[in-house]
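Data first, discussion second: the structure below is written as structure tokens.
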Number of protein chains: 2
Amino acid sequence: MEEYRHLNIKLTPQRIAILDYLKGNKSHPSAEDIFKAVKKEFPTMSFATVYNTLEALKNKGNVQELKIDSSKKRYDPDCSTHHHLICTKCKSIVDIFNDFKLNLSEDLTEGFDLIGNSIEFFGVCHDCK
Amino acid sequence: MEEYRHLNIKLTPQRIAILDYLKGNKSHPSAEDIFKAVKKEFPTMSFATVYNTLEALKNKGNVQELKIDSSKKRYDPDCSTHHHLICTKCKSIVDIFNDFKLNLSEDLTEGFDLIGNSIEFFGVCHDCK
DNA sequence: GTACTAGATAATAACGATTCTAAACTGATA
DNA sequence: TATCAGTTTAGAATCGTTATTATCTAGTAC
């Protein structure tokens, strides 16, 4: 597909299937979620391909790795600035697009060069209540 | 030690050593950091004891598990409300005690019951620049 | 269109953090 | 001081992720 040409990565059918799965995906899938979804179309799909592709997309700034779930990495194809609201029970994740102004005075940063921030809200989702 | 009696967990010498190591510790250690430190005093110390004790302390609300480092869990004996500033290179962590007011309007929370939030600032520390 | 090649895929092994198991041990209570 | 529920230990098992290697193929050049 031409729409992925701008990524400047070699476009294989497997990669296109992964990209299609990720496009507009708001579920913040794990590698396993991606693997299972793409395996339906490519039964020989291996985990290595999922991880390789995610690595390539991360390097191109086209996918964000989330550390929200301590048991496994999750991935977000939306690289715009936003935050997350996580259900402490089922680990479902909702995007929060508010722009919060968080100023840290120099004397608190202990000589760090600040790059950015990320806010994790937590709560219990509708289904888990 | 009497000072740990209030935890209401059985106090073994190994647990006291772990508690002593954690007391006032601002390094946000991993299980391995704790294991290595306590092993000096108790050469037969096993990882299971470290994880068991951390689990007990988590349940008592006396230790916080941090998901900041995607390759391993890190632990914070300071359970007061605070945030973290993380070096993207060496993964060192500094506490930020500012109290930020983060209001989320009802219509953004998609039916979640909000519990709290945690802010992760990231940057490059003095030593890694 | 055909050949070439750097880079991708797939199967599997390796790895590291964490959890589990089962037997021996011990702190806290009576 | 005897008891026992809970703890420690060593090691095995598990699980997510990374590495390896042989095979394959997308993209380029001819």
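Only this structure's heavy atoms are used, side chains among them; waters, hydrogens and symmetry mates stay out. The sequence lines fix the lettering, A, B, ..., with proteins before strands; numbering per chain opens at 1. Note that the structure is a prediction, hence the values are computed from the model and not measured.
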| said: Tell me every residue that passes salt bridge (charged side-chain N to carboxylate O under 4.0 Å, His left out) with B:Lys10, counting only those two or more places apart in sequence or in another chain. | reply: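 Listed in chain order: nothing, the list is empty.
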
| said: Any base atoms under 4.0 Å from B:Thr44, or only sugar-phosphate, or nothing? Heavy atoms, all strands. | reply: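 Contact class for B:Thr44: sugar-phosphate only.
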
| query | Under 4.0 Å between a side-chain N/O of B:Arg15 and OP1 or OP2 of C:dG27, yes or no? | reply |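 Indeed not, no polar side-chain atom of B:Arg15 lies that close.
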
| query | Does B:Thr49 make a side-chain N or O approach to OP1 or OP2 of D:dT9 shorter than 4.0 Å? | reply |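 Yes, B:Thr49 has a side-chain N/O under 4.0 Å of OP1/OP2 on D:dT9.
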
| Tell me, do A:Pro29 and A:Leu22 make a side-chain contact under 4.5 Å, heavy atoms counted? |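 The answer is yes; the side chains approach within 4.5 Å.
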
| query | Can you find a heavy atom in the side chain of A:Leu57 that is under 4.5 Å from one in the side chain of A:Leu19? | reply |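 With C-beta onward as the side chain, the pair touches.
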
| request: Would you please name every residue forming a ring pair (Phe, Tyr, Trp, His ring centres under 6.0 Å) with A:His83, sequence neighbours left out? | output: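 A:His83 satisfies ring pair (Phe, Tyr, Trp, His ring centres under 6.0 Å) with A:Phe100 once adjacent residues are dropped.
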
| Contacts of A:Tyr75 that satisfy ring pair (Phe, Tyr, Trp, His ring centres under 6.0 Å) - sequence neighbours left out |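 Expected list: none.
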
| query | Side chains of B:His82 and B:Asp76: is there a donor and an acceptor less than 3.5 Å apart? | reply |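 Note: B:His82 and B:Asp76 side chains meet the donor-acceptor criterion.
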
| field | Helical bend (five base pairs per end, nearest 10°) for the helix from C:dG1-D:dC30 to C:dA30-D:dT1 | value |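 Between the first-five-pair axis and the last-five-pair axis there is 30°.
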
| query | Going by the side chain to side chain donor-acceptor pair (under 3.5 Å) test, which pairs reach into residues 115-128 of chain B, not counting sequence neighbours? | reply |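 Every pair satisfying side chain to side chain donor-acceptor pair (under 3.5 Å) with a residue in residues 115-128 of chain B: A:Lys67-B:Glu120.
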
| field | Per-nucleotide protein contact string for nucleotides 16-30 of chain D, where B marks a base within reach and S marks sugar-phosphate only (heavy atoms under 4.0 Å, - for neither) | value | SBBB------BS---

| Flag, side chain of A:Asp33 to backbone of A:Ser30, donor-acceptor distance under 3.5 Å |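 Answer holds: yes.
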
| query | Of all the nucleotides listed (D:dT7, D:dT9, C:dT9), which has the minimum atom distance to the side chain of A:Thr53? | reply |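 Of the options given, the side chain of A:Thr53 lies nearest C:dT9.
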
